[in-house]
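Below, each value reflects all heavy atoms present in this structure, side chains not excepted, and no hydrogens, waters or symmetry copies. In what follows, every chain begins at residue 1, and chains take the letters A, B, ... in the order their sequences are listed.
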Amino acid sequence: MGWEREIEELRTRERLAREMGGKEKIERQRSGGKLTVRERIEQLLDPGSFHEIGAIAGKARYGEDGRLLEFAPANFVMGRGRIDGRTVVVGGDDFTVRGGAMDAAIGSKQVYAEQMAHELRLPIVRLVDGTGGGGSVRTLESDGRTYVPYNQGWDWVIANLATVPVVGLALGSVAGLGASRLVTSHYSVMVRGISQVFIAGPPLVAHTGETVSKEELGGSEICSRSGTVDVVVESEAEAFDCARRFLSYLPQSVYELPPRGPVTDDAARRDEWLIEAIPSDRRKVYDMRRILKSVLDRDSFFEIARQYGRSVITALARLDGWPVAVMGSDPHFHGGGWTADSSIKLTRFIDFATTFHLPVVNLVDVPGFLIGTAAEAQGTMRHGARALAALYQADVPWCSVLVRRAFGVAGAAHANHTRLAYRYAWPSGDWGSLPVEGGIEAAYRAELAAVADPAKRRDELERHLNQFRSPFRTAEAFLVEEIIDPRDTRPLLCEFANLAAPLRRAGTVSPQYRP
Amino acid sequence: MASRKVRSPTAGIVSTVHRNVGDAVGEGEEIMFVECMKMEIPVAAESAGRLVALHVKPGDSVSEDQILAVIEG
């Protein structure tokens, strides 16, 4: 006789754990349109790859004879599993057990998941539902005391940002510590209608005199525009797809390099329409995403934070199979001008690219910082200055393509000018400290004030100055290195990605990533 | 019938309004331009319908997300 009886008890306890918060609570979870934490883990990971850790941790009740009468599992399920064959750590809140709150938690499970990701150098995916192990006044009664709050495991949570890819998925109403765990990541996703993210929910907010629904307070509209959450999707399945896809561009940790994906597109492909992508009328906008999709590997464009800081596009993509970080301007918003929000978005994105050794490709059409009282009130220059600092601290390979404008301080920030100017310009290039329109009034104020017909003189000056605006005159002086046929952009960017690949250096970077 | 607010994508000055109240508009159709950073930023209908309100006229200053028009349909 060996240990069969004990193994039988182990299996019984594991079976009880799989029952989660019981039939009724699971039914409630489903009727809310939500999957259970175990279904989520199963759908996220490669089939059958989940190796659970701490499954039988929970709260048990025993009879007089020491027999197990009842078992409530801890409301955090975690372990290791694989995504596209690569091992990750996954940890999810079980909302069916006390709404995921701390009073039914074994806090050290969350800490263990974070520490495991850190020490084994594995990406971590957090499936957040509820308060994510946050406090509840119920503990006052059960403990007979209160406590000075601290954020358990936060040392690992922060250390992980500088070490491994961290993904947060909001899969329900997420508040307090849960919201904080979600956002302390490199990439966060919420599901429209199912997920809301806030510091505190409507009942607490009601005490401030504000009566709002969960959706009005922290729905996907609010969170995607505020930049609290990066991406909004329509279903949990789509959220898992996003997590898998995001990780596919990244190394397992900063100690490795981003892996080359399959080469699925012709590096020499030249799309004819690019010759007319930029309208000759400088006042007309165009579709930068279409340009990006055309020059990057087909179907590799993966945008992050589309609804936030909308004058700037940030995305992951591939060039000849190599993962790259992509920045681009979107003239449909503020003419592509940098706002406070787009500066914050860029700072975070450049730091992210640096952390995971992703070469940067930047398609530039920047008229400068947005100007005016609204821009000043938002502290645009403060946030812009931080974006510039991130840019000058970044040491990943960097290639800029000036597709149209580069004006002022923000336009200058298309690259760190002290590094080799790995840079191309399209013939639609238009640059300077200030554009001629508008700049004339500032530079020729005295002259315009002195003439009888200032409008006529202004037009004359504009015509006169415009003749110097040709990008060929800049190239004559080698102040821009190369003007290219827009159709050659993809082959040249693929060459860049191949030249950049051996230059990437694994390891930790300084300064460390902040969410 | 659902009504949809058309919001300004940008801060700027309304330069041209292409449509009048009562006009039918198609999805993605440009309703007006808001000028910002010397560019004409198109404001397009997110869905097809009828323009039931127009809150701005050329020359008006607008802020980001300001409601410019309402479409019903």
Student: Flag the pair Pro331(A) / Ile41(B) as yes when at least one side-chain heavy-atom distance between them is below 4.5 Å, and no otherwise.
Tutor: no

Student: How about Ile371(A): does its CD1 atom have over 12 heavy atoms from other parts shown lying under 6.0 Å from it?
Tutor: no

Student: Which atom pair, heavy atoms only, marks the closest approach of Arg405(A) to Met37(B)?
Tutor: NH1-O, 3.7 Å

Student: Are there more than 12 heavy atoms of other residues, nucleotides or ligands under 6.0 Å from atom CG of Leu479(A)?
Tutor: yes

Student: Find out whether Lys38(B) and Pro435(A) are in side-chain contact, i.e. whether some heavy atom of one side chain is under 4.5 Å from a heavy atom of the other.
Tutor: yes

Student: Give a yes or no on this: more than 12 heavy atoms of other residues, nucleotides or ligands lie within 6.0 Å of atom CZ of Arg473(A).
Tutor: yes

Student: Out of the candidates Glu40(B), Glu35(B), Glu30(B), only one should pair with Lys284(A) under the salt bridge (Lys or Arg N to Asp or Glu O under 4.0 Å) rule; please name it.
Tutor: Glu40(B)

Student: How many angstroms lie between atom NE2 of His332(A) and atom SG of Cys36(B), to the nearest 0.5 angstrom?
Tutor: 13.0 Å

Student: Taking the side chain as C-beta and beyond, is there a heavy-atom pair between Met39(B) and Arg282(A) under 4.5 Å?
Tutor: no

Student: Give a yes or no on this: more than 12 heavy atoms of other residues, nucleotides or ligands lie within 6.0 Å of atom CZ of Arg386(A).
Tutor: no

Student: Is the shortest side-chain heavy-atom distance between Arg225(A) and Asp65(B) below 4.5 Å?
Tutor: yes

